[in-house]
K.L.:
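Here you go, one structure.
Side chains included, hydrogens not; waters and symmetry mates left out as well; all remaining heavy atoms used. Just so we're clear, the structure is a prediction, and the values are computed from it rather than from any experiment.
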Amino acid sequence: RYLQHDRQHIAQLCEKSGLYQRALEHYTEINDITRIIVNTHAISADFLADYFGRLTGEHCITCLNVLLQHNLRDNLQIVVQVAS
């Protein structure tokens, strides 16, 4: 009987397969989230905007900073969209 799944394990499998959006749906730790969030090329902007809305304020700021540090030119539009 399937009652509960191991979110961490499923997230790791998704990450290894390049399914970053699915991985974000399962990860809960900020270190995991910030590692995945920089793969904006493979995550829809609409998903990211919605995802940031579900993060705590502190985690949101942390992730926005990571995006700006990682690839400012490509991520600036996403950061502005989330911040507004």
K.L.:
Using 0.5 Å steps for rounding, measure from the CD1 atom of Ile33 to the OG1 atom of Thr28.
P.N.:
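Between Ile33 CD1 and Thr28 OG1, I get 6.5 Å after rounding to 0.5 Å.
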K.L.:
About how many Å separate OG1 of Thr34 and CD of Gln69, when rounded to the nearest 0.5 Å?
P.N.:
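Reported value, rounded in 0.5 Å steps: 10.0 Å.
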K.L.:
Hey, could you give me the CG/CG distance between Leu24 and Leu19, rounded to the nearest 0.5 Å?
P.N.:
11.0 Å
K.L.:
Test Glu25 against Phe47 for side-chain contact (heavy atoms from CB on, under 4.5 Å), laying out the working first.
P.N.:
CA-CA 10 Å; Glu25 292 172 344; Phe47 173 82; 3.6 Å; yes
K.L.:
Under 6.0 Å from the six-membered ring centre of Tyr27 and within 45° of its axis: does the NZ or CZ of Arg35 meet both?
P.N.:
yes
K.L.:
CG of Leu55 to CG of Asp50: how many Å apart, nearest 0.5 Å?
P.N.:
10.0 Å
K.L.:
Tell me, with the steps shown, if Ile61 and Phe52 meet side-chain contact (heavy atoms from CB on, under 4.5 Å).
P.N.:
CA-CA 9 Å; Ile61 296 297; Phe52 274 98; over 6 Å; no
K.L.:
Taking atom CD as the centre, does Gln81 end up with more than 12 heavy-atom neighbours from other residues, nucleotides or ligands that are less than 6.0 angstrom away?
P.N.:
yes
K.L.:
With rounding to the nearest 0.5 Å, note down the distance linking CZ in Arg22 to CD1 in Ile43.
P.N.:
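CD1 of Ile43 is found 12.0 Å from CZ of Arg22.
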K.L.:
Of all the heavy-atom pairs spanning Ala49 and Val82, show the shortest one and how long it is.
P.N.:
CA-CG2, 4.2 Å
K.L.:
Report the distance from atom CG of Asn39 to atom CD of Gln21, rounding to the nearest 0.5 Å.
P.N.:
12.0 Å
K.L.:
Could you work out, with side-chain contact (heavy atoms from CB on, under 4.5 Å) as the rule, every residue matching Val79, not counting sequence neighbours?
P.N.:
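Counting only residues at least two positions away or on another chain, Val79 forms a side-chain contact (heavy atoms from CB on, under 4.5 Å) with Leu64, Leu67, Leu68.
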K.L.:
What are the two closest heavy atoms between Asp74 and Asn71, and how far apart are they?
P.N.:
OD2-ND2, 2.9 Å
K.L.:
Between Ala23 and Cys14, which heavy-atom pair has the shortest distance, and what is it?
P.N.:
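Answer, listing the atom of Ala23 first, then Cys14: N-CB, 3.7 Å.
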K.L.:
Quick one: do Tyr20 and Ile37 satisfy side-chain contact (heavy atoms from CB on, under 4.5 Å)? Show the steps, please.
P.N.:
CA-CA 8 Å; Tyr20 302 115; Ile37 205 83; over 6 Å; no
K.L.:
What about Val38 and Tyr51, same hydrophobic cluster or not, with Ile/Leu/Val/Met/Phe/Trp/Tyr joined at side-chain heavy-atom distances under 4.5 Å?
P.N.:
yes
